[in-house]
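None of the values given here were measured: they were computed from a predicted structure.
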Amino acid sequence: MFRLSSSRDVETFGPRKLREAANLSVFVWPWSLSIRFPGKYSPQAMAATLLTEGTITVGGQTLFYRQAKPAQQAPRLSVLLLHGIRFSSETWLNLQTLSKLAEAGYRAVAIDLPGLGNSKDATAPAPVGEPAPSSFLKSVFEALPLDQAVVISPSLSGMYSLPFLFQHSELLKAYIPVAPICTEKFPATQYAGVKTRTLIVYGDQDVQLGEVSLSNLKNLPNHEVMLMKGAGHACYMDKPEEWHLGLLNFLKSLE
């Protein structure tokens with residue numbers, strides 16, 4: 001499909017699958033590829049981005065991931081997106097979080113955690129609700145690979161991200177917990193020793209896990225809070241525009 005938008009003088013190309021080989025697929029985002037005509041200013045034209053799907057091997061098991069990044073420039077930084085028990089990397093795809101991060105110049109990688117999504121055949125390194133070995137996410141970082149990255153960690157994924165935060169904070173550019181589980185498993189003194197910049201996100205309608213996680217995460221000394229009014233546990237899905245605005249503003253402040 002080809003469309004010329006006369007109101008913005010932007011050419012937009014429809015979906016185009018570029019390559020499928022082995023475990024890797026590459027796509028051009030249908031709403032992302034745009035060309036501005038010389039001499040015209042188009043503030044709403046979006047940068048070209050690329051989406052890939054693939055797998056990595058962690059601890060001898062196969063994990064699925066989706067990745068979006070700028071097509072024509074080096075990423076400003078990397079963002080690893082985890083997910084809750086009812087969700088997967090597809091959540092971030094459908095919510096357009098992957099595309100918005102790539103359009104803003106970031107490399108965004110969303111994995112399917114063991115036993116969930118397209119990683120359903122993989123076995124989790126710990127029972128649900130118990131902290132997983134910090135080596136799990138460290139191996140994910142090495143396999144993708146990622147250097148310093150921002151980790152977004154909603155709900156269930158707290159069992160993976162919190163041990164990683166405490167043991168490998170040097171690999172984190174920043175930490176964005178969204179009402180994660182397992183916050184009560186660690187003492188306040190352990191939180192106090194972490195200097196990583198943190199954006200604590202929760203919805204004010206999440207009166208259980210949201211408030212419990214906040215009471216523990218606020219012991220992180222270098223934190224700020226993003227309260228999403230009228231939103232529940234999966235607050236990023238209840239108010240996606242507010243979520244994306246707050247997320248992108250925080251990421252910009254890291255540069």
Measure the spacing between [atom1] of [X] and [atom2] of [Y] and express it to the nearest 0.5 Å.
X	Y	atom1	atom2	answer
S135	Q167	OG	CD	10.0 Å
L199	I152	CG	CD1	9.0 Å
D112	R66	CG	CZ	6.5 Å
Q61	T123	CD	OG1	4.5 Å
I200	Y175	CD1	OH	9.5 Å
T183	L162	OG1	CG	7.0 Å

Given the rule that I, L, V, M, F, W and Y join up when any side-chain heavy atoms are under 4.5 Å apart, are [X] and [Y] in one cluster?
X	Y	answer
L116	V128	yes
L245	L254	no
F141	L144	yes
F64	L82	no

Flag the pair [X] / [Y] as yes when at least one side-chain heavy-atom distance between them is below 4.5 Å, and no otherwise.
X	Y	answer
L113	S119	no
L77	V150	yes
D238	M228	no
I176	V79	no
T91	M237	yes
L98	T49	no
C235	V178	yes
V225	K218	no

Examine the side chains of S161 and S157 and answer whether a donor and an acceptor come within less than 3.5 Å of each other.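 Side-chain D/A pair, S161 to S157: absent.
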Could you walk me through whether H223 and L217 pass the side chain to side chain contact (heavy atoms under 4.5 Å, CB included) test, one step at a time? CA-CA 8 Å; H223 80 267; L217 292 168; over 6 Å; no
Residue pair [X] / [Y]: nearest heavy atoms and the distance that separates them:
X	Y	value
A104	L248	CB-CD2, 3.8 Å
N216	V212	ND2-O, 3.1 Å
A132	P125	CB-CG, 4.0 Å
Y65	T55	CE2-N, 3.5 Å
A110	S89	O-CB, 3.5 Å
S155	G84	CB-CA, 4.1 Å

Indicate yes or no for a side-chain donor-acceptor contact from [X] to the backbone of [Y] under 3.5 Å, with no hydrogens or angles considered.
X	Y	result
H244	P240	yes
D204	G230	yes
Q148	E170	yes
W92	I111	no
R107	L146	no
S213	G210	yes
N249	G246	no

Going by the angle between their ring planes, with limits at 30° and 60°, are Y191 and F166 parallel, tilted or perpendicular?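 Rings of Y191 and F166: perpendicular, as their planes differ by over 60°.
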Show the numbers, then the answer: is there a salt bridge (charged side-chain N to carboxylate O under 4.0 Å, His left out) between K185 and E130? CA-CA 8 Å; K185 304 284 187 180; E130 294 298 322; 3.4 Å; yes
Which is it for V201 and Y236 under the side chain to side chain contact (heavy atoms under 4.5 Å, CB included) test, yes or no, and what are the steps along the way? CA-CA 9 Å; V201 183; Y236 46 90; over 6 Å; no
Within a reach of under 6.0 Å around CD of Q208, are more than 12 heavy atoms found that belong to other residues, nucleotides or ligands?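 No, the 6.0 Å shell around CD holds no more than 12 heavy atoms from other groups.
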Apply side chain to side chain contact (heavy atoms under 4.5 Å, CB included) to residues L227 and Y202 and explain how you reach the verdict. CA-CA 5 Å; L227 172 62; Y202 75 105; 3.4 Å; yes
For the pair E224 and R197, find out whether any cationic side-chain nitrogen is under 4.0 Å from an anionic carboxylate oxygen.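 Answer for the salt bridge query: yes.
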I would like to know whether T97 and L247 meet side chain to side chain contact (heavy atoms under 4.5 Å, CB included); could you show each step before the answer? CA-CA 9 Å; T97 302; L247 171 61; 4.1 Å; yes
